[in-house]
Amino acid sequence: MGEIIYWGIIRTALLILALWFSFDYIDYKFWWSAAIISIYVIIIHPAIIQFQLFKERNKRVLTDTLCSRCKHFDASAVLCLKYDEHPTAHYVPCDGIDWEPKN
Ligand code: SF4
């Protein structure tokens with residue numbers, strides 16, 4: 001999840017620079033349209049695609065693992081909050097010793 005936010009910030013910074021420098025070269029009435037379209041194409045759409053890939057990659061961890069039913073598991077980041085590690089379908093950081101049921 002942090003990777004999606006990181007690249008979103010990088011793309012936003014680059015787009016701000018590009019829009020800033022393009023302001024003098026594009027007619028004002030077209031500049032806003034170009035800015036809105038480029039925000040969607042360069043920032044929003046890639047973030048949506050990255051998030052869908054993130055969900056697809058972690059689908060099994062989020063549904064079929066011991067961690068997915070543990071109170072120390074943060075599903076939004078696919079992270080064990082107790083060990084500060086990312087569980088996978090084949091790796092449980094605590095080996096099940098610290099598992100505690102969700103409410
Ligand atoms: S405490 Fe153990 S079972 Fe619970 S989320 Fe962390 S690694 Fe998974």
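Just follow the structure's listing: the first ligand is 1, and inside any ligand the first atom is 1.
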Checklist entry - Considering only heavy atoms, does Cys70 approach ligand 1 within less than 4.0 Å through its side chain, its backbone, both, or neither? => result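 It is the side chain that gets close, since no backbone atom is under 4.0 Å.
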Relative to the heavy atoms of [X], which atoms of ligand 1 are at a distance of less than 4.0 Å?
X	value
Pro93	7 (S)
Cys80	1 (S), 5 (S), 6 (Fe), 7 (S)
Trp99	3 (S)

Checklist entry - Which heavy atom of Cys70 sits nearest a heavy atom of Asp98, and at what distance? => result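 Here Cys70 and Asp98 meet closest at SG-O, 4.4 Å.
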Next on the checklist: Give me the atom names and distance for the closest heavy-atom approach of Glu85 to Tyr91.
Outcome noted: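 Looking at all heavy atoms of both residues, the closest pair is OE1-OH, 2.7 Å.
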Checklist entry - Is there a path from Ile26 to Ile39 through hydrophobic residues (I, L, V, M, F, W, Y) whose side chains come within less than 4.5 Å of each other? => result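 Ile26 clusters together with Ile39.
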Next on the checklist: As an exercise, state the distance from CD1 of Ile43 to CG of Leu14, rounded to the nearest 0.5 Å.
Outcome noted: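 Rounded to the nearest 0.5 Å, the CD1-CG separation comes out at 9.5 Å.
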Item to check | Distance from atom 2 (Fe) of ligand 1 to nearest protein heavy atom, with residue and atom | outcome: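 The closest one turns out to be Cys94 SG, 2.2 Å.
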Checklist entry - Where does the angle between the aromatic ring planes of Trp32 and Tyr28 fall among parallel (under 30°), tilted (30 to 60°) and perpendicular (over 60°)? => result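 Perpendicular.
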Checklist entry - Within the stated cut-off of 2.8 Å, is an N/O/S atom of Cys67 closer than that to atom 8 (Fe) of ligand 1? => result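 It does: Cys67 brings an N, O or S atom closer than 2.8 Å to atom 8 (Fe) of ligand 1.
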Checklist entry - Looking at ligand 1, does Pro87 have a heavy atom less than 4.0 Å from it? => result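 So Pro87 does not count as touching ligand 1.
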